[in-house]
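Structure first, commentary second.
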Amino acid sequence: ETGVTQTPRHLVMGMTNKKSLKCEQHLGHNAMYWYKQSAKKPLELMFVYNFKEQTENNSVPSRFSPECPNSSHLFLHLHTLQPEDSALYLCASSQVGTSRYNEQFFGPGTRLTVL
Amino acid sequence: SQKIEQNSEALNIQEGKTATLTCNYTNYSPAYLQWYRQDPGRGPVFLLLIRENEKEKRKERLKVTFDTTLKQSLFHITASQPADSATYLCALESSNTGKLIFGQGTTLQVKP
């Protein structure tokens, strides 16, 4: 596999379920990101990990819990979500430090529906 | 407050014409600006980056301009094709943090 992969591609869950989204990057990058994309709204940055350390948490509710076990893998653990959390969740990676020009590579996204 | 504005209305043009998309920003002094393409249900794909000291950047049929005085970037696709139909996003670095802030995108529809 090349680039950034995400699984599952589609997820339907109830408000009481617990599920996890997975992201893997095969680009040797040192930074990974979670974004939320709702209809007609800009991409919202949720979490940033640089060198496996979380450096950003943009006031995201605690029902979203990220995990970055190594520089290639990123998870987003979900529990007791609300219907308004339904969106496309995108993972991205980039190489930071050597250049300030932060070109990001995105995965295909997970389409999440909360019933 | 900081703001990025892209035309939320879809742009419809005829095949072969030049498409021009606009990205305006306020209360930013970005070191660079990026343009991405996003197809429905897919993640954005990086297209071009232009630095603050560059007026213009080209890549094949794509051209980007960056006017830091007007706080505006224009994205041009020449000789447009139906395959160019997609949503185009501009992104700025936020406050020298390396984080990207995205506009909401403009949808381009090229008709044959």
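Source: prediction; values computed, not measured. Proteins get letters first, then strands, A, B, ... in listed order; numbering begins at 1 in each.
Under the 4.5 Å side-chain heavy-atom criterion for grouping Ile, Leu, Val, Met, Phe, Trp and Tyr, A/Leu81 is connected to A/Val60 within one hydrophobic cluster. At a threshold of 4.5 Å between side-chain heavy atoms, the hydrophobic network of Ile, Leu, Val, Met, Phe, Trp and Tyr places A/Tyr49 and A/Tyr89 in one connected group. Both B/Ile4 and B/Leu11 are members of a single hydrophobic cluster when ILVMFWY side chains are connected at heavy-atom separations under 4.5 Å. Under the 4.5 Å side-chain heavy-atom criterion for grouping Ile, Leu, Val, Met, Phe, Trp and Tyr, B/Tyr88 is connected to B/Leu92 within one hydrophobic cluster.
The part of A/Tyr35 that comes within reach of chain B is its side chain, from C-beta onward, which places non-hydrogen atoms under 4.5 angstrom from that chain. With a 4.5 Å cut-off on non-hydrogen atoms, B/Leu89 touches chain A through its side chain but not through its backbone. Proximity to chain A is absent for every atom of B/Gln6, based on heavy atoms less than 4.5 angstrom apart.
Atom NZ of B/Lys57 has more than 12 neighbouring heavy atoms from other residues, nucleotides or ligands inside a 6.0 Å radius. Summarising the local packing, CD of B/Glu60 is surrounded by 12 or fewer heavy atoms from other residues, nucleotides or ligands at distances under 6.0 Å. The 12-atom threshold is not exceeded at CD of B/Glu9, counting heavy atoms of other residues, nucleotides or ligands nearer than 6.0 Å.
When every heavy atom of B/Phe102 is checked against every heavy atom of A/Pro42, the shortest pair comes out as O-CB, 3.4 Å. When every heavy atom of B/Gln104 is checked against every heavy atom of A/Lys41, the shortest pair comes out as CB-C, 4.3 Å. Taking every heavy atom of both residues into account, B/Phe46 and A/Gln104 meet most closely at CB-O, 4.1 Å.
Within the 4.5 Å cutoff, the side chain of B/Pro44 has heavy atoms near those of the A/Leu90 side chain. Taking 4.5 Å as the limit, every side-chain heavy atom of A/Ser94 sits out of range of all side-chain heavy atoms of B/Leu100.
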Go through it in stages, so that I can follow the logic: the residues are B/Gln38 and A/Gln37, the test is side chain to side chain donor-acceptor pair (under 3.5 Å), and I'd like the CA-CA distance, side-chain angles, deciding distance and then a yes or no. CA-CA 12 Å; B/Gln38 186 173 22; A/Gln37 188 173 37; 2.8 Å; yes

